[in-house]
Undergrad: 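Handing you a structure now.
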Protein chains: 2
Amino acid sequence: MSPIITYFQSIYPLSEASQVVLASICREISITKNQDLQSIGQTCKTLYFLKKGMARIYYVKDGMDVTEGFYGEFNLIARAESLFAGKPSQKGIQVLEDSELWSIDTSTLTTLYEEHRDIERLFSKLFEKAYVESIQRIENLQFHPAEERYHLLEREQPEVLKRAPLKFIASYLGITQVSLSRIRAKKS
Amino acid sequence: MSPIITYFQSIYPLSEASQVVLASICREISITKNQDLQSIGQTCKTLYFLKKGMARIYYVKDGMDVTEGFYGEFNLIARAESLFAGKPSQKGIQVLEDSELWSIDTSTLTTLYEEHRDIERLFSKLFEKAYVESIQRIENLQFHPAEERYHLLEREQPEVLKRAPLKFIASYLGITQVSLSRIRAKKS
DNA sequence: CAAAGTACTTAACAAATGTTAAATTAGGAT
DNA sequence: ATCCTAATTTAACATTTGTTAAGTACTTTG
């Protein structure tokens with residue numbers, strides 16, 4: 001049993017048949033450090049789940065690279081705003097290290113929905129999960145000062161602090177590299 | 001045809017039968033200014049759509065009242081993090097003025113999903129929409145300074161500036177009332 | 001190994017936002 | 001209308017964060 005199917009089962013139970021057909025449309029791919037999985041301007045038509053490695057979604061604002069989020073193993077990676085609207089995304093997906101992942105073509109996936117209602121519900125649940133995470137992120141950004149946001153990240157995604165360069169972490173937290181360096185210095 | 005069904009149709013087309021059964025579970029309710037529609041601590045089991053009026057979702061952090069979002073006519077109002085997890089919400093829903101709305105009990109709604117797949121998809125779409133809005137809100141909070149966030153709100157939800165008191169708007173923007181007053185003063 | 005680039009830190013100063021408190025204005029209640 | 005309260009603005013000062021620039025340390029590469 002592929003580990004991604006095991007993961008899916010933990011989110012929403014699937015029939016035998018659904019497991020098989022879903023596994024059949026998951027492609028395994030590898031990608032090397034710093035490569036773009038999806039570039040800015042492409043319309044999101046593929047979902048990804050990391051088997052090994054780490055990725056980020058980013059965009060460019062006023063010429064500055066801004067990291068919107070970090071994604072580790074088994075996290076759903078997609079640019080929802082593009083996927084749901086069918087429009088080109090202003091965001092790209094990049095891996096921070098050599099990574100292996102599963103990719104799922106969304107148009108193939110949605111054709112399965114008719115026959116396999118459990119698959120449709122599985123992905124509804126995955127997007128619900130992503131939605132709830134985005135709500136929590138709003139809370140963090142809205143009322144925690146930069147230093148608290150840093151410690152929150154430290155608590156909730158400690159791997160990010162080890163695996164991502166400072167500039168990505170800083171823009172993710174909504175502050176400058178210099179500010180982040182200052183916050184780090186305070187700790188010791 | 002109830003206006004709420006017309007609105008639903010614009011999101012996802014429904015069969016005649018689905019329209020009728022869905023309309024039958026929409027209850028119309030009225031509530032007076034400053035009342036809580038849902039209190040902090042309750043588990044979210046009801047979805048609301050405003051017919052007339054304005055509402056906000058809020059929570060309390062460090063004794064401070066924080067407005068998470070403002071909702072106008074036909075907006076889906078729900079505390080998703082509680083609904084999807086089935087756990088009590090740390091957030092409340094309050095109306096800012098005398099309001100009329102439709103309420104939908106979620107457990108009744110989900111029983112309709114089995115027979116009416118279009119209804120299930122409609123609500124999936126409504127939550128997708130809310131998800132995309134939350135992603136945009138993250139972008140706003142992450143990289144716009146307070147003054148830009150204010151002007152964004154002015155552009156995207158101008159009614160809020162007229163209908164909500166300053167303190168709610170300030171906490172929504174993630175700043176103090178005093179800061180917001182300063183920003184306003186600059187304009188003229 | 002040397003050189004060049006990248007990542008990270010530190011410092012000094014500027015700008016933005018927070019804090020406290022007082023002054024002003026607007027609305028509601030009687 | 002008048003009083004009372006809540007909402008908003010203004011001011012003065014403290015703190016946080018941004019900006020620029022320099023310096024150190026670490027990687028990569030020839």
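Below, each value reflects all heavy atoms present in this structure, side chains not excepted, and no hydrogens, waters or symmetry copies. Labels below follow one simple rule: chain letters A, B, ... track the order of the sequence lines, proteins then strands, and each chain is numbered from 1.
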Undergrad: Determine which pairs satisfy ring pair (Phe, Tyr, Trp, His ring centres under 6.0 Å) with at least one residue from residues 84-106 of chain A, sequence neighbours left out, and list them in order.
TA: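 Residue pairs with at least one partner in residues 84-106 of chain A: F74(A)-W102(A), F84(A)-F127(A).
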Undergrad: What's the angle between the local helix axes at either end of the helix from dC1(C)-dG30(D) to dT30(C)-dA1(D), using five pairs per end and rounding to 10 degrees?
TA: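 Computed from the C1' atoms at both ends, the axes differ by 40°.
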Undergrad: Just the endpoints, please: which first and last nucleotides of DNA chain D, 5' to 3', lie under 4.0 Å from a heavy atom of chain B?
TA: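 So the contact region on DNA chain D extends dA7(D) to dA12(D).
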Undergrad: If you take any heavy atom closer than 4.0 Å to DNA chain C, which residues from residues 157-168 of chain A end up in contact?
TA: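 Under 4.0 Å from DNA chain C: P165(A), L166(A), K167(A).
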Undergrad: If you look only at pairs with a residue in residues 16-41 of chain A, which of them pass as a ring pair (Phe, Tyr, Trp, His ring centres under 6.0 Å), with sequence neighbours excluded?
TA: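 The answer is none; no pair qualifies.
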Undergrad: One character per nucleotide, please: for nucleotides 19-30 of chain C, 5' to 3', B when the base has a protein heavy atom closer than 4.0 Å, S when only the sugar-phosphate does, - otherwise.
TA: BB----------
Undergrad: Salt bridge (Lys or Arg N to Asp or Glu O under 4.0 Å): which pairs involve residues 132-145 of chain A, sequence neighbours left out?
TA: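 Applying salt bridge (Lys or Arg N to Asp or Glu O under 4.0 Å) to every pair that reaches into residues 132-145 of chain A, excluding sequence neighbours, yields K129(A)-E133(A), E139(A)-K91(B).
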Undergrad: For residues L96(A) and F70(A), determine if any side-chain heavy atom of one lies less than 4.5 Å from a side-chain heavy atom of the other.
TA: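 Yes, their side chains come closer than 4.5 Å.
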Undergrad: Among all residues two or more places apart in sequence or in another chain, which pass the side chain to side chain contact (heavy atoms under 4.5 Å, CB included) test with E148(B)?
TA: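 Listed in chain order: K61(A), H144(B), P145(B).
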Undergrad: Sequence neighbours left out, what pairs pass salt bridge (Lys or Arg N to Asp or Glu O under 4.0 Å) with at least one residue falling in residues 42-54 of chain A?
TA: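 Checked against salt bridge (Lys or Arg N to Asp or Glu O under 4.0 Å) - neighbours excluded - the pairs reaching residues 42-54 of chain A are E28(A)-K51(A).
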Undergrad: For residues 162-172 of chain A, which side-chain N or O atoms pair as donor and acceptor with protein atoms under 3.5 Å away, sequence neighbours left out?
TA:
unit_1  : atom_1 : unit_2  : atom_2 : d
R163(A) : NE     : E97(A)  : OE1    : 3.2
R163(A) : NE     : E97(A)  : OE2    : 3.4
R163(A) : NH2    : G53(A)  : O      : 3.0
R163(A) : NH2    : E97(A)  : OE2    : 2.9
S171(A) : OG     : T67(A)  : N      : 2.8
S171(A) : OG     : F168(A) : O      : 3.3

Undergrad: Taking side chain to side chain contact (heavy atoms under 4.5 Å, CB included) as the definition, give me every residue that meets it alongside V21(B), ordered by chain and number, with sequence neighbours left out.
TA: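 V21(B) satisfies side chain to side chain contact (heavy atoms under 4.5 Å, CB included) with S24(B), L112(B), H116(B), I119(B) once adjacent residues are dropped.
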Undergrad: Please, which pairs that meet ring pair (Phe, Tyr, Trp, His ring centres under 6.0 Å) have at least one residue in residues 8-27 of chain A, sequence neighbours excluded?
TA: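 Non-adjacent pairs meeting ring pair (Phe, Tyr, Trp, His ring centres under 6.0 Å): F8(A)-F49(A), F8(A)-F123(A).
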